[in-house]
Amino acid sequence: MTDAWEVDPAYENYIGRWSRLVAPRFLRWLAADPGGAWCDVGCGTGALAHTVLRTADPARVVGVEPSASFAAAARAGADDLRFDVRPGTAESLPAEDGEFDRVVSGLVLNFVPDPAEGLAEMRRVTRAGGTVAGYVWDYAEGMQLIRAFWDAARELDEAAAKLDESVRFPLCRPRPLHDLLSTAGFTGVAVHPLDVPTVFADFDDYWRPFLGGQGPAPGYCTSLSDGSRTELRDLLDARLRRDETGRIALTARAWAFRGTVSR
Ligand SMILES: C[S@@+](CC[C@H](N)C(=O)[O-])C[C@H]1O[C@@H](n2cnc3c(N)ncnc32)[C@H](O)[C@@H]1O
């Protein structure tokens with residue numbers, strides 16, 4: 001099963017709304033000087049690129065995105081002459097050597113077939129002394145909305161184990177991220193946790209985005225028979241704790257990473 005990334009409202013409801021909460025925290029951690037040319041690799045619908053435009057005072061921001069519909073949504077979401085989106089992938093960035101001061105990427109590195117190759121490309125298009133940085137979800141533990149989903153799915157279906165993102169993406173932990181950046185030749189490598197609240201008004205608010213088919217867990221969910229999907233739904237409905245107002249108050253942890261380009 002390949003991961004689908006193309007339907008904008010479904011993506012926003014599933015992950016975009018939470019990535020938009022991580023992005024400002026990530027940028028505060030990065031504490032970049034104003035100005036400069038930024039690249040947002042795998043910009044999707046623009047969660048990170050739009051936040052850079054709004055809060056980091058960049059000279060310009062170029063998004064790179066393989067999905068035409070996500071790229072169109074990213075463009076439509078920012079009426080800003082400093083912003084452009086180019087079609088492309090992390091493995092072959094449509095950019096000149098050293099074109100950018102900062103290359104960032106939110107929730108993408110684990111989806112790049114060869115993350116080391118993706119990082120090498122990000123390094124190539126960053127000037128000496130510039131920064132490459134990003135964040136990925138902590139699928140194994142702190143990304144509770146996805147963790148709860150796979151824990152339930154694995155209880156009901158042995159085949160779900162190999163699709164669980166904590167199994168598919170062992171990179172998304174502090175030590176492997178640190179090692180990958182160090183091996184790629186970056187200096188000043190750092191990895192840092194970023195936690196955001198993910199509060200659902202009710203169970204339907206939690207469950208409906210899994211029916212949108214965007215990303216690994218919704219892709220698995222929509223591949224199930226109606227009966228199996230109902231079983232999974234009912235298990236999650238029984239398991240997720242509500243607060244006194246009926247809300248499901250979870251949290252999501254992302255691991256932010258950064259490194260400096262030295263040549
Ligand atoms: C989880 S979404 C993150 C989107 C956006 N950065 C955000 O934070 O909301 C993953 C994104 O990575 C893109 N993507 C998948 N494979 C990629 C690759 N090889 N190179 C660049 N982007 C890729 C997808 O099209 C999608 O937009």
Side-chain angles (χ1 to χ4, degrees), residues 1-27 29-30 38-56 61-78 83 85-95 100 102-125 132-139 143 145-146 149 165 168-169 171-172 194 196 198 209-210 212-220 252-257:
M1 192 162 59
T2 54
D3 303 318
W5 302 112
E6 48 199 27
V7 181
D8 169 24
Y11 175 76
E12 277 297 316
N13 288 335
Y14 175 51
I15 287 297
R17 57 175 161 163
W18 309 125
S19 185
R20 285 180 194 278
L21 291 188
V22 178
R25 292 173 198 226
F26 166 69
L27 292 175
W29 176 67
L30 217 51
W38 292 63
C39 179
D40 178 10
V41 178
C43 69
T45 52
L48 179 52
H50 296 167
T51 312
V52 171
L53 288 164
R54 225 177 29 250
T55 67
V61 180
V62 173
V64 173
E65 171 56 44
S67 156
S69 55
F70 275 16
R75 276 192 206 96
F83 184 48
V85 183
R86 301 177 189 166
T89 65
E91 309 89 292
S92 178
L93 287 171
F100 299 104
R102 288 162 207 109
V103 175
V104 293
S105 139
L107 309 176
V108 174
L109 193 58
N110 54 291
F111 293 108
V112 176
D114 182 345
E117 190 186 0
L119 275 179
E121 264 294 270
M122 294 184 207
R123 190 167 184 270
R124 176 185 70 77
V125 303
V132 171
Y135 51 90
V136 292
W137 291 129
D138 179 18
Y139 294 107
M143 200 326 168
L145 81 97
I146 294 181
F149 177 91
E165 285 146 279
R168 278 183 64 193
F169 306 129
L171 171 63
C172 298
L194 300 172
V196 294
T198 52
F210 288 101
Q214 299 302 291
Y220 168 78
R253 168 167 293 178
W255 291 111
F257 54 86

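Keep in mind that this is a model prediction, so the values were computed, not measured. Only heavy atoms go into these numbers, but all of them, side chains included; no hydrogens, no water, no symmetry mates. Whatever order the structure lists ligands and atoms in, that order sets their numbers, starting from 1.
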Residues that S67 engages under side-chain hydrogen bond (donor to acceptor under 3.5 Å, both in side chains), provided they are two or more places apart: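 side-chain hydrogen bond (donor to acceptor under 3.5 Å, both in side chains) check on S67 returns S69.
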
R25: side-chain contact (heavy atoms from CB on, under 4.5 Å) partners, not counting sequence neighbours: R28, L194, V196, P197

Mutual orientation of the aromatic rings belonging to F83 and H50 [parallel < 30°, tilted 30-60°, perpendicular > 60°]: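 Perpendicular, since the angle between the ring planes exceeds 60°.
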
Pairing of R168 and E165 as salt bridge, 4.0 angstrom limit: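 Salt bridge absent between R168 and E165.
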
N/O donor-acceptor pair under 3.5 Å between T55 side chain and T51 backbone: yes

Within residues 102-118 or reaching into it, pairs that qualify as salt bridge (charged side-chain N to carboxylate O under 4.0 Å, His left out) - sequence neighbours excluded: none

Pocket residues of ligand 1, ordered first by chain and then by residue number (heavy-atom cut-off under 4.0 Å): W5, Y11, S19, G42, C43, G44, A47, E65, P66, F70, T89, A90, E91, G106, L107, V108, P113

